[in-house]
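Structure first, then comments.
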Amino acid sequence: MIFCSYPYAQYQSHQLEIDEAIKNVLAGKTYILGQNVADFEIEFAQYLGVKHVIGVGSGTDALQIALLALDIGLGDEVIVPSHTAVATVAAIKLVGATPIFVDIEADYYTLNPQCVERAITSRTKAIIAVHLYGLPANMQAIMGIADQHGIKVIEDCAQATGASYKGKRVGGIGEIGCFSFYPTKNLGALGDGGAIACHDADLATRIQQLRQYGWDNHRVSQEVGLNSRLDEIQAAILRVKLRHLEHDTQKRVNIAQGYNVALSELPLKCPKVREGTTHVYHLYVVATDKREDLSWFLKKSDVFAGIHYPVPVHKMPAYIDNLLQEYRLQVTEKTVTQILSLPIYPELSHSEQEQIISAIGQFFG
Ligand SMILES: *Cc1c(COP(=O)(O)O)cnc(C)c1O
């Protein structure tokens with residue numbers, strides 16, 4: 001059986017180093033906010049080309065803390081795609097703000113800047129740009145709109161660690177970048193984890209306080225904060241994985257290129273790469289009107305493709321009654337009926353990929 005992602009294979013690839021790293025944490029006697037978290041924050045900041053990284057408990061927490069750190073709450077509007085992991089939108093609701101859903105670009109599945117522009121009101125405080133599937137959103141247009149209207153941009157980089165936009169890694173372009181290290185993500189821990197990146201020192205200090213009860217250096221709460229610390233063991237694992245990330249990303253790119261070539265003649269839309277960007281292929285998402293049949297056919301061939309995501313957030317019960325307006329997100333609503341995520345991860349073997357490609361060929365043949 002071949003799955004869409006396979007975190008256990010990643011563990012096996014780097015098992016000796018990971019086991020050693022975990023043993024060292026256990027022997028090191030510090031289990032919360034120890035040297036591994038501090039070192040990971042520095043190493044990840046260097047990797048991203050940002051001044052500050054703060055490790056937190058998850059990607060959802062990273063987004064929630066980012067919003068709190070920008071003083072976004074009740075009465076504020078945050079522009080967000082509906083075609084994203086529900087966590088992106090959950091964070092907005094959790095701080096009491098109002099998500100304003102906008103449509104995506106059909107070619108790239110990321111925020112449509114024209115729709116963003118139209119959605120801006122006097123209450124708009126921020127835009128969350130999601131770099132979906134590993135591909136950077138149109139940051140030049142989004143940053144331009146944000147600057148013009150004096151609003152902040154938060155980058156949701158949960159699916160795009162290491163992707164770059166015009167030579168800069170995502171997460172360092174907007175005011176704040178948010179990362180998830182959920183095990184299936186392209187930089188994945190072996191449990192939950194997340195991080196927040198920013199350039200501003202005061203903002204970094206505030207984020208550091210927010211992740212731990214709002215504490216200052218004297219353990220006095222200066223505001224109400226969360227408990228959302230990156231775990232020391234996960235940080236040690238992430239330091240190992242980060243060392244291999246570029247190599248692992250190259251493997252994903254090679255697999256994606258294999259799909260691009262093999263599927264080019266079939267009636268199937270393959271992922272496009274935006275000019276001036278690099279795609280890190282957290283997911284390899286194709287689109288076809290025959291999605292349901294293809295998915296079923298692949299299952300019979302022991303290939304378990306995924307759908308990211310079958311229900312857009314604005315159609316989910318938890319979010320539907322909060323709509324202030326009738327949303328018509330034509331591209332989003334069509335996209336969710338067509339997309340299929342083919343298996344892609346660094347350890348996917350050539351013969352496994354051949355099996356997937358041959359099954360798809362059979363289906364269309
Ligand atoms: C995974 C994901 C999140 C949430 O991350 P968690 O670590 O699971 O909380 C947020 N946004 C996007 C786009 C994601 O893919």
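Counting convention: from 1, in listed order, for ligands and their atoms alike.
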Who pairs with His14 by side chain to side chain donor-acceptor pair (under 3.5 Å), at least two apart in sequence or on another chain? Asp248
Is atom CD of Gln222 surrounded by more than 12 heavy atoms (other residues, nucleotides or ligands) closer than 6.0 Å? yes
Taking atom NZ as the centre, does Lys290 end up with more than 12 heavy-atom neighbours from other residues, nucleotides or ligands that are less than 6.0 angstrom away?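 No - once you tally the heavy atoms of other residues, nucleotides and ligands closer than 6.0 Å, there are 12 at most.
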What are the atom names and distances for all N or O pairs under 3.5 Å between ligand 1 and the protein?
{"from": "ligand 1", "atom 1": "5 (O)", "to": "Ser180", "atom 2": "OG", "distance (Å)": "3.2"}
{"from": "ligand 1", "atom 1": "7 (O)", "to": "Gly59", "atom 2": "N", "distance (Å)": "2.8"}
{"from": "ligand 1", "atom 1": "7 (O)", "to": "Ser180", "atom 2": "OG", "distance (Å)": "2.7"}
{"from": "ligand 1", "atom 1": "9 (O)", "to": "Gly59", "atom 2": "N", "distance (Å)": "3.4"}
{"from": "ligand 1", "atom 1": "9 (O)", "to": "Thr60", "atom 2": "N", "distance (Å)": "2.8"}
{"from": "ligand 1", "atom 1": "9 (O)", "to": "Thr60", "atom 2": "OG1", "distance (Å)": "2.4"}
{"from": "ligand 1", "atom 1": "11 (N)", "to": "Thr88", "atom 2": "OG1", "distance (Å)": "3.4"}
{"from": "ligand 1", "atom 1": "11 (N)", "to": "Asp156", "atom 2": "OD1", "distance (Å)": "3.3"}
{"from": "ligand 1", "atom 1": "11 (N)", "to": "Asp156", "atom 2": "OD2", "distance (Å)": "2.7"}
{"from": "ligand 1", "atom 1": "15 (O)", "to": "Gln159", "atom 2": "NE2", "distance (Å)": "2.8"}
{"from": "ligand 1", "atom 1": "15 (O)", "to": "Lys185", "atom 2": "NZ", "distance (Å)": "2.7"}

So, Tyr11 versus Gln15: side-chain donor-acceptor pair below 3.5 Å or not? yes
Suppose we screen for ring-ring contact (aromatic ring centres under 6.0 Å, His included). Which residues come up paired with Phe44, at least two apart in sequence or across chains? Phe40, Phe179, Phe181
Could I get the full list of salt bridge (Lys or Arg N to Asp or Glu O under 4.0 Å) partners for Lys125, not counting sequence neighbours? Asp76
